[in-house]
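This report refers to the structure that appears directly beneath it.
Here the structure is a predicted model, which is why all the values come from computation and not from measurement. Heads up: numbering here begins at 1 and tracks the sequence. As the structure lists them, so they are numbered: ligands from 1, and atoms in each ligand from 1.
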Amino acid sequence: MEHPENSEEYKGLTVNSGVVHPDSVNPYFKKRAARRPQLSVSDYVEGIVKGNVTVLSQAVTLVESLRPEHQAVAQEVIEKCLPYAGNSVRIGISGVPGAGKSTSIDEFGLHVLKDGGKLAVLAIDPSSEKTKGSILGDKTRMEKLSVHPNAFIRPSPSAGSLGGVARKTRETIVLCEAAGFDKIFVETVGVGQSETAVHSMVDFFLLIQLAGTGDELQGIKRGIMEMADGIAINKADGDNIPKAEMAAQSLRNALHLFPAPESGWTPRVVTYSGFYGLKIKDVWDMVWEYVDFVRKNGYFQYRRNEQSKYWMYETINESLKNGFYNDPVISARLEETERLVLGGQQTSFAAAHRLLEEYRARP
Ligand code: GDP
């Protein structure tokens with residue numbers, strides 16, 4: 001509308017048209033205020049089954065959440081996804097820091113995706129418990145895979161006990177499978193209990209080794225050797241090739257000394273170079289041959305059944321333990337009881353029994 005002051009008689013004065021105000025001075029404020037609408041259980045399931053990676057990620061976040069209301073939804077989503085899960089080959093990949101896990105997984109991933117399908121890379125990282133940040137599964141460590149349209153990389157859940165973290169990874173496997181991921185890598189650092197956790201959720205356990213100083217068995221804990229379905233000696237490139245071959249031979253000899261595995265499969269040892277992409281195929285020929293072998297002799301399904309049982313009991317144990325230690329009365333009494341034991345006024349067993357009795361008597 002023409003302003004009266006803009007008329008001839010007010011010469012020298014003009015009134016400008018006003019400036020349109022933005023909805024918000026701080027654009028971020030609005031974003032923050034508009035929260036993502038909460039998805040329902042069926043939204044999650046539908047999104048996941050359709051292969052929607054955004055929904056999958058959100059569901060995994062829910063699985064990892066410690067909040068009881070998130071857990072309740074997560075458990076329902078997992079249960080509804082179960083009928084769609086199971087159609088994958090799950091491969092555990094372990095090795096000490098510096099063995100070349102991330103370099104290798106980048107190459108392994110490209111290799112297994114060459115023939116199509118979808119790959120999820122998950123991780124179990126016990127160190128993240130302390131650092132509250134995850135080292136494994138970091139996207140930046142897998143440059144090629146992280147931009148691959150058919151790869152989904154998820155770092156290790158960081159909160160909770162190793163058992164808890166491992167359970168979350170196992171549940172994430174279910175979601176990924178329901179989303180159509182037919183190859184699952186579970187990475188872990190080869191330093192202790194985490195291999196057992198990974199071993200209990202995969203079909204093939206690959207141990208990445210380095211050629212050492214000749215005494216190859218030295219750095220390898222016996223238990224880990226026994227878990228491995230295959231050992232791959234990395235960094236077999238350049239001058240390192242003869243050393244890697246020698247290491248492979250000595251490992252092969254050592255493996256003969258172990259009792260024959262239940263699967264009927266004798267673990268193999270191969271050499272390769274993750275960095276230069278050499279002999280990657282040898283590693284995967286070994287894996288697929290194993291999968292064929294155990295599918296035919298029934299061990300594949302047997303192992304999965306055993307794992308399901310293992311996780312059922314693990315979950316019961318974990319829940320009983322948490323129930324006990326999180327009980328307000330018990331946790332208040334623990335310190336005092338510990339003092340009595342240390343002071344020699346009570347034996348460890350009597351003290352434990354007394355607390356357990358008390359816990360059982362609680363309403
Ligand atoms: P991770 O800690 O097990 O994940 O190991 P990384 O993948 O980060 O590798 C550790 C180091 O070893 C890096 O500096 C890599 O560049 C190097 N590396 C990994 N694979 C190879 C390989 O096949 N050959 C050589 N020469 N170096 C490698």
Side-chain angles (χ1 to χ4, degrees), residues 91-113 119-131 133-148 151-158 165 169 184-199 202 204-214 216 218-221 224-225 227-248 251 268-287:
I91 293 136
I93 299 175
S94 177
V96 294
K101 289 180 297 303
S102 35
T103 316
S104 303
I105 288 174
D106 217 17
E107 286 298 323
F108 290 168
L110 295 184
H111 181 83
V112 302
L113 285 171
L119 166 70
V121 180
L122 312 176
I124 294 180
D125 179 5
S127 61
S128 63
E129 219 178 295
K130 284 174 219 138
T131 56
S134 178
I135 308 167
L136 294 184
D138 186 347
K139 285 186 183 187
T140 54
R141 296 185 314 133
M142 297 157 198
E143 287 173 14
K144 296 175 212 156
L145 263 193
S146 60
V147 293
H148 197 293
F152 174 74
I153 302 176
R154 184 80 188 191
S156 173
S158 58
V165 167
T169 302
I184 315 271
F185 289 176
V186 185
E187 179 187 7
T188 194
V189 179
V191 285
Q193 288 300 301
S194 52
E195 295 93 345
T196 318
V198 173
H199 186 254
V202 297
F204 186 98
F205 188 85
L206 179 70
L207 180 63
I208 297 184
Q209 280 289 310
L210 293 177
T213 49
E216 301 315 327
Q218 213 167 35
I220 313 181
K221 283 174 237 98
I224 299 174
M225 283 281 281
M227 266 190 264
D229 301 299
I231 298 176
I233 298 178
N234 188 19
K235 310 196 186 182
D237 43 54
D239 296 347
N240 216 16
I241 294 179
K243 216 161 81 177
E245 289 304 334
M246 257 168 57
L251 276 175
R268 298 243 186 101
V269 185
V270 297
T271 63
Y272 77 105
S273 166
F275 189 82
Y276 294 99
L278 305 172
K279 303 218 280 178
I280 304 289
K281 186 171 177 297
D282 288 12
V283 178
W284 289 90
D285 284 351
M286 164 175 76
V287 175

d(Asn234 CG, Tyr276 OH) to nearest 0.5 Å is 11.5 Å
Classify the ring geometry between Tyr272 and Phe108 as parallel (under 30°), tilted (30 to 60°) or perpendicular (over 60°).
-> tilted
Only heavy atoms count here, so choose which of Asp239, Thr271, Thr103 is nearest to atom 15 (C) of ligand 1.
-> Thr103
Does Gly95 have a non-hydrogen atom less than 4.0 Å from ligand 1?
-> no
Decide whether the shortest distance between a heavy atom of Val96 and an atom of ligand 1 is less than 4.0 Å.
-> yes
Counting N and O atoms only, with roles assigned by atom type, does the side chain of Thr271 sit under 3.5 Å from a partner on the main chain of Ile233, one being a donor and the other an acceptor?
-> no
Could you grab the distance from atom CG of Leu207 to atom CG of Asp229, nearest 0.5 Å is fine?
-> 10.5 Å
Would you say Lys235's side chain and Ala99's backbone share a donor-acceptor pair under 3.5 angstrom?
-> no
Kindly compute the distance separating CD1 (Ile105) from CD1 (Ile153), expressed to the nearest 0.5 Å.
-> 9.0 Å
State whether the side chain of Lys144 and the backbone N or O of Asp106 hold a donor-acceptor pair below 3.5 Å, judged by distance alone.
-> no
Asp237-ligand 1 polar pair, N/O distance under 3.5 Å | yes
Closest to atom 5 (O) of ligand 1 (heavy atoms only, candidates Gly100, Gly238, Ser273) is Gly100
For atom 10 (C) of ligand 1, which candidate among Gly98, Ser102, Ser94, Gly277 provides the closest heavy atom?
-> Gly98
Taking both backbone and side-chain atoms of Gly274, is any N or O found less than 3.5 Å from an N or O belonging to ligand 1?
-> yes
Has ligand 1 got any nitrogen or oxygen that is less than 3.5 angstrom from a nitrogen or oxygen of Asn234?
-> yes
Below 3.5 angstrom, do we get any N/O pair linking Tyr272 and ligand 1?
-> no
